[in-house]
Structures are given as C-alpha cells and as structure tokens.
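Just so it is clear, the model here is predicted, and its values are computed rather than measured.
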Amino acid sequence: QTADGLLLHTVVNLENGTHVFGSKNHGESWFLVKSPLIPGDESKIIELANKNWMVNSRVNGYGKRFIHLSSDRGNTWESNVSEELNDPGCNASLIRFNDKIILFSNVNNSKNRENLSIRISQDEGVSWSKSKTIYKGSAAYSSMSVLQNGEVGVFFEIDNYKKNVSSILNSKNIEKEGEILNNFMILEYNQKGSFTGRLNGKKAKLENGYWILYEVIEYPRYSDSKFHKELIYNTTIKYQDISNSLISVSYTHLTLPTKA
C-alpha cells in the first residue's frame with residue numbers, strides 16, 4: 001500500500017509479461033497498468049521513499065532477480081538485472097520494515113530451490129546486505145510480515161513441498177553453536193498456516209529431539225496466558241540448522257509441537 005492509500009500488486013500474463021494492478025478504493029474496484037514488465041514472472045512491488053515504484057521479479061532460467069523502477073506510476077519502466085540477488089526462478093517476498101529498511105526473502109541459489117535467506121536494504125533497494133540463512137535445506141516460496149511486536153515473521157515451503165513450517169523460533173542470543181538459546185520466541189501455526197499463539201522464554205536447551213524451555217510464558221491466541229517454569233517442546237530441528245541463522249525453524253510432521 002502506498003502512502004496515499006493505493007493498493008498495488010502484480011499479475012503475470014504469460015503472453016504479454018507481468019503487469020501491475022491496483023485499487024484506489026480499498027478493493028471495491030481495480031485498475032490494470034497496461035505497460036508490461038519484461039522480463040518478469042511472479043513479482044512483488046513496493047513504493048520507495050521518493051514515491052517511485054519498485055518491482056522485484058522472478059525470471060526463470062536466468063539465475064538472478066530483475067528490478068523494475070517507475071517514476072510515473074507504471075507508465076514507463078526501467079528494468080535491470082540485480083547481480084546481488086541470486087534466484088533459481090522462484091517466488092519471493094519483498095516488504096518495507098520501516099522508513100529506512102526494506103526486507104527481501106528468497107531461495108538464495110542461482111540453480112536450485114534451497115537456502116532460504118533474508119537480506120536488508122538501507123538505501124531503498126539500490127544495494128543489499130549479505131544474505132542471512134533462514135533454512136539451509138530445500139525450500140521454495142516465502143512470505144514475510146511485520147508482526148505487532150515489531151518482529152518479522154516468515155512463512156515458507158520446505159523439503160520439496162512435503163512440509164510447511166508449523167512454528168518459527170527466534171532467539172536474540174545463541175550459545176554453543178545453537179544448542180542453547182537465550183531470550184527466545186516461538187510463533188505457532190496450525191496445518192493451514194493460521195497463527196495459533198506464541199511462547200516467550202528466558203532460555204531453551206536442545207536435547208535429542210526436543211527442547212527444554214525455561215521460564216516460559218505461553219500466549220494462546222484464543223485463551224489466557226500461562227507461565228511455565230519448565231516446558232518440553234518436541235522438534236525435528238538440529239542445532240546445525242540454528243548456527244548463524246537469523247531465524248530457525250522447528251516443526252513436527254505438520255502438527256503443533258507437543259508440549260508437556
């Protein structure tokens with residue numbers, strides 16, 4: 001959504017290229033920008049600080065993302081390859097975190113759908129930070145959202161589409177290469193990807209197949225919060241998946257992790 005309330009998104013026309021479409025009245029009616037984005041497939045659009053539009057596009061078979069810029073609301077476009085952003089031809093996510101930071105997530109590999117990563121830009125998409133791995137293995141589409149508490153949630157496909165993430169684990173401090181987490185938060189989701197609650201705790205220690213969580217406050221979405229001095233949390237994650245990762249994934253066969 002632009003600063004003046006315009007809703008914007010993109011749609012792929014397999015014959016003509018990618019187009020921007022939008023709404024001036026919060027979805028009651030829609031308009032289509034006729035000027036196509038070439039090359040482009042599944043794409044994401046944001047408004048820049050100078051009111052220009054920026055579209056970040058998937059392009060199959062190229063190994064890189066393409067960036068399209070418009071200073072006249074889509075009537076004309078300047079299109080260039082982004083040498084910094086590797087991509088095997090896969091959908092990605094692009095959002096504004098605040099007035100100074102733009103976030104981008106995708107599978108950071110020029111050939112294979114693996115190594116889901118996140119980058120930040122502090123100069124309105126001109127350049128991007130070094131990527132930070134979210135999930136090392138097989139992955140695909142991702143979608144980011146800024147949560148009410150200021151954290152960033154990432155929902156994504158993993159392991160050749162066989163699993164969806166059922167919880168996201170975020171820690172402010174990591175010890176012993178991922179075996180111990182301090183000041184952590186776990187976001188929980190059901191099989192359909194709907195948010196069901198979160199857990200905030202002081203410390204988590206990874207054992208064989210489960211976490212031991214200490215001093216935990218559980219916040220179910222539809223019931224009152226609870227305090228646990230100690231909590232057992234099943235997981236298939238390995239500490240190698242956490243080391244040097246911004247966000248680490250924990251899941252148990254498409255069901256909510258078991259707590260005791």
Measure the [atom1]-[atom2] distance between [X] and [Y] for me, rounded to the nearest 0.5 Å.
{"X": "L37", "Y": "S79", "atom1": "CG", "atom2": "OG", "value": "6.5 Å"}
{"X": "N109", "Y": "E114", "atom1": "CG", "atom2": "CD", "value": "4.5 Å"}
{"X": "K203", "Y": "I180", "atom1": "NZ", "atom2": "CD1", "value": "5.0 Å"}
{"X": "K44", "Y": "S143", "atom1": "NZ", "atom2": "OG", "value": "7.5 Å"}
{"X": "D41", "Y": "C90", "atom1": "CG", "atom2": "SG", "value": "10.5 Å"}
{"X": "D123", "Y": "I102", "atom1": "CG", "atom2": "CD1", "value": "8.0 Å"}

Only pairs at least two apart or in different chains count here, so list each ring-ring contact (aromatic ring centres under 6.0 Å, His included) that has a residue in [range].
{"range": "residues 20-53", "answer": "H9-F21, F21-W30"}
{"range": "residues 114-134", "answer": "F104-W128"}
{"range": "residues 54-83", "answer": "Y62-F66"}

Partner set under salt bridge (charged side-chain N to carboxylate O under 4.0 Å, His left out) for E124, not counting sequence neighbours = R96
Sorted by chain and residue number, the salt bridge (charged side-chain N to carboxylate O under 4.0 Å, His left out) partners of K205 (sequence neighbours excluded) come out as E207
Passes side-chain contact (heavy atoms from CB on, under 4.5 Å), W211 versus I186? Steps please.
-> CA-CA 12 Å; W211 289 99; I186 297 175; 5.7 Å; no
Beyond-backbone contact of [X] with [Y], side-chain heavy atoms, under 4.5 angstrom:
{"X": "L94", "Y": "L103", "answer": "no"}
{"X": "L69", "Y": "N52", "answer": "no"}
{"X": "H19", "Y": "P36", "answer": "yes"}
{"X": "L199", "Y": "L231", "answer": "yes"}
{"X": "L32", "Y": "V11", "answer": "yes"}
{"X": "V107", "Y": "F156", "answer": "no"}

Which heavy-atom pair separates [X] from [Y] by the least distance, and what is that distance?
{"X": "S127", "Y": "S121", "result": "O-OG, 2.8 Å"}
{"X": "G27", "Y": "S23", "result": "N-OG, 2.7 Å"}
{"X": "R198", "Y": "N200", "result": "NE-OD1, 2.8 Å"}

Tell me yes or no: between the side chains of T133 and N115, is some donor less than 3.5 Å from an acceptor?
->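 Distance-only check passes for T133 and N115.
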Kindly determine whether E157 and Y135 satisfy side-chain contact (heavy atoms from CB on, under 4.5 Å), including the steps that lead there.
-> CA-CA 10 Å; E157 300 168 318; Y135 186 73; over 6 Å; no
Would a distance-only check, ignoring hydrogens and angles, find a side-chain to backbone donor-acceptor pair under 3.5 Å from [X] to [Y]?
{"X": "S110", "Y": "G63", "value": "no"}
{"X": "E47", "Y": "A3", "value": "yes"}
{"X": "N106", "Y": "N86", "value": "yes"}
{"X": "S225", "Y": "E218", "value": "no"}

Which pairs pass salt bridge (Lys or Arg N to Asp or Glu O under 4.0 Å) with one or both residues in residues 11-32, sequence neighbours excluded?
->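 Qualifying pairs: none.
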Just grab all the salt bridge (Lys or Arg N to Asp or Glu O under 4.0 Å) pairs involving residues 56-80, residues at least two apart or on different chains.
-> D4-R73, E42-R58, R65-D87
Given side-chain contact (heavy atoms from CB on, under 4.5 Å), test N108 with L116 step by step and report yes or no.
-> CA-CA 6 Å; N108 181 28; L116 192 89; over 6 Å; no
Among Ile, Leu, Val, Met, Phe, Trp and Tyr joined by side-chain contacts under 4.5 Å, find the other residues sharing a cluster with F227 and list them by chain and number.
-> I217, Y219
Does [X] have any side-chain contact (heavy atoms from CB on, under 4.5 Å) partners at least two apart in sequence or in another chain, and if so, which?
{"X": "S93", "result": "I95, S105, S142, M144"}
{"X": "T10", "result": "T18, V20, S43, I45, V55"}
{"X": "D224", "result": "none"}
{"X": "S129", "result": "R119, I120"}

Apply side-chain contact (heavy atoms from CB on, under 4.5 Å) to the pair L213 and H228, showing each step before the final yes or no.
-> CA-CA 9 Å; L213 311 179; H228 303 271; over 6 Å; no
Transitive ILVMFWY side-chain link [X] to [Y], under 4.5 Å:
{"X": "V154", "Y": "F97", "answer": "yes"}
{"X": "V59", "Y": "V12", "answer": "no"}
{"X": "L85", "Y": "I101", "answer": "no"}

